[in-house]
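Only heavy atoms go into these numbers, but all of them, side chains included; no hydrogens, no water, no symmetry mates. Computed from a predicted model, the values in this text were never measured in an experiment. Order of the sequence lines sets the chain letters (A, B, ...), proteins ahead of strands, with each chain counted from 1.
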Protein chains: 2
Amino acid sequence: MADTFVNNPSFFKLDATLKKLRNYWQKMFDSRQMDITVDQWLLVENLYKHKKTTHNELARNTSKDITTISRIIELLVKKGLVKREADTYDRRKVYLQLTPDGTEKYKQVKPLVHEMRKTGWKSLTEADYAELTRILDTIYNNIPTKI
Amino acid sequence: MADTFVNNPSFFKLDATLKKLRNYWQKMFDSRQMDITVDQWLLVENLYKHKKTTHNELARNTSKDITTISRIIELLVKKGLVKREADTYDRRKVYLQLTPDGTEKYKQVKPLVHEMRKTGWKSLTEADYAELTRILDTIYNNIPTKI
DNA sequence: GCAAAATAGTTGCTATAACAACTATTGCTA
DNA sequence: TAGCAATAGTTGTTATAGCAACTATTTTGC
């Protein structure tokens, strides 16, 4: 393998792109008074799709640490967007689901997210999307999970 | 544009890939007792390349907020890897540069970083790297800086 | 059946991210 | 040249990220 890309800062480029995306999303949320953060949105979106799930599943689905999930959910519960419900049979488990306000929030934010995704992908094709997916998946799978 | 990728979670995939990379790097740093974080490393690497620079330049070069730079530099100064030096003519400016220990740290960590970059790119080609760069740059430039 | 291991989740701590507000200094302009 | 704007950097606050240690349950293995 040539040094060309071993020395090249792909980590930096990923980080810079993601940060710009995240800031753009957050500023759009703020300017429309959505009263939500980007990561809170990602959890709401996931809860909308899965209806009823646990901290653990949510962590797996969102690639977030379970402690991070625990804290974001705490904020969403305080905002009245999510409710917790203990499992009857396994008392360690807590099911999470959107409240009616949470569902309302999802429907309110969704179109804006759709627009922002279009903005980000402007001038790119479906083939580009497939390429990006392939490359990122390859990198993901190249990285050892245990070292 | 078809909905295929407007609905597709590219944000999520970028985030997941970057997080896995970051965790892998950090665990490798920890297992080799490098006593440094990933972002501290990015600043050390940058200071090695630019020899003498300011908070502001470092922020631009690393895509980090200047407040974040200020705090990471504080940690690096405490570790003895970086020293601050006031500009003689413009007393607002502070120049940053690696100490001998900082240069030593760079040389110690660099080969490991090189190895990890090879690991991440295993089974990918230079054409893949060019594609990733092109797509990420396009997304980056698609995002409005001011909203 | 009981002790140990595994699972589910929370809390403490440190680091990074970003906005707002702040000090200090320098440059600009009426 | 006085006052205001711009620049360089720091500090306060809130949020996300992840490790370690913790409680509380449930499952496993002898």
(message) Could you tell me how far apart A:Leu96 (CG) and C:dT10 (C1') are, to the nearest whole angstrom?
(response) 13 Å
(message) Could you check whether B:Asp137 pairs with A:Lys13 (Lys NZ or Arg NE/NH1/NH2 to Asp/Glu carboxylate O, under 4.0 Å)?
(response) yes
(request) Report the residue (A:Asp30 or A:Arg60) whose heavy-atom-nearest nucleotide on DNA chain C is the more 5′ of the two. (result) A:Arg60
(message) Under 4.0 Å, heavy atoms only, any strand: does B:Gln26 hit a base, just the sugar-phosphate, or nothing?
(response) nothing
(request) Could you check how far CH2 of B:Trp41 sits from C1' of C:dA15, rounded to whole Å? (result) 19 Å
(message) In whole Å, I'd like the distance from the CG atom of B:Asp65 to the P atom of D:dG12.
(response) 16 Å
(request) For the pair A:Trp41 and A:Tyr106, name the ring-plane relationship: parallel under 30°, tilted 30 to 60°, perpendicular over 60°. (result) parallel
(request) Measure distances between side-chain N and O atoms of A:Thr67 and base N and O atoms of D:dG18, and say whether any donor-acceptor pair falls under 3.5 Å. (result) yes
(request) Taking only the side-chain heavy atoms of B:Arg71 (C-beta and beyond), determine which of D:dG9, C:dC13, D:dT11 contains the nearest atom. (result) D:dT11
(message) Tell me whether the side-chain N or O atoms of A:Arg91 pair up with the base of D:dT25 as donor and acceptor below 3.5 Å, since no angle test is needed here.
(response) no
(request) Please tell me which of A:Lys64 and A:Tyr89 maps to the more 5' nucleotide of DNA chain D, matching each residue to the nucleotide holding its nearest heavy atom. (result) A:Lys64
(request) To the nearest Å, give me how far apart CD1 (A:Ile66) and P (D:dG18) are. (result) 13 Å
(request) Tell whether B:Arg92 reaches the base of C:dG27 with its side chain through a donor-acceptor pair below 3.5 angstrom. (result) no
(message) Looking at B:Thr37 and C:dA15, is any side-chain donor or acceptor paired with a base atom of the opposite kind under 3.5 Å?
(response) no
(request) Would you indicate, yes or no, if C:dA18 has its OP1 or OP2 atom less than 4.0 angstrom from a side-chain nitrogen or oxygen of A:Asn23? (result) yes
(message) If you only use heavy atoms from C-beta on, which nucleotide in D:dA17, C:dT16, D:dC19 is closest to the side chain of B:Asp39?
(response) C:dT16
(request) Run the salt-bridge test on A:Arg84 and A:Glu74 with the 4.0 Å N-O cut-off and return the result as yes or no. (result) yes
(request) Measure from CD1 on B:Ile72 to P on C:dT14 and round the result to the nearest Å. (result) 17 Å
(request) Can you establish whether the number of heavy atoms outside B:Lys51 located under 6.0 Å from its atom NZ is more than 12? (result) yes
(message) Below the 4.0 Å mark, does D:dA8 have OP1 or OP2 next to a side-chain nitrogen or oxygen of B:His55?
(response) no
(message) Can you work out whether B:Lys20 or B:Ser70 has the more 5'-proximal nearest nucleotide on DNA chain D?
(response) B:Ser70
(message) Can you measure B:Trp25 atom CH2 to D:dC19 atom C1' for me and round it to whole angstrom units?
(response) 21 Å
(request) Report the residue (A:Asn56 or B:Arg22) whose heavy-atom-nearest nucleotide on DNA chain C is the more 5′ of the two. (result) A:Asn56
(request) Using atom types as modelled and distance alone, determine if a side-chain donor or acceptor of A:Asn142 lies under 3.5 Å from a backbone N or O of B:Lys122. (result) yes
(message) Students often get this wrong, so: under 4.0 angstrom with heavy atoms, is B:Glu74 touching a base, only sugar-phosphate, or nothing?
(response) nothing
(request) For B:Leu75, report the nucleic acid contact type (base, sugar-phosphate, nothing); a contact means any heavy atom under 4.0 Å. (result) sugar-phosphate
(request) Using a strict 4.0 Å threshold on nitrogen-to-oxygen distance, state whether B:Lys19 and A:Asp65 make a salt bridge. (result) no
(message) Whole angstroms only, please: what is the NZ-C1' distance between B:Lys93 and C:dA24?
(response) 15 Å
(request) Specify the separation, in whole Å, of atom NZ of B:Lys27 and atom P of D:dA17. (result) 15 Å
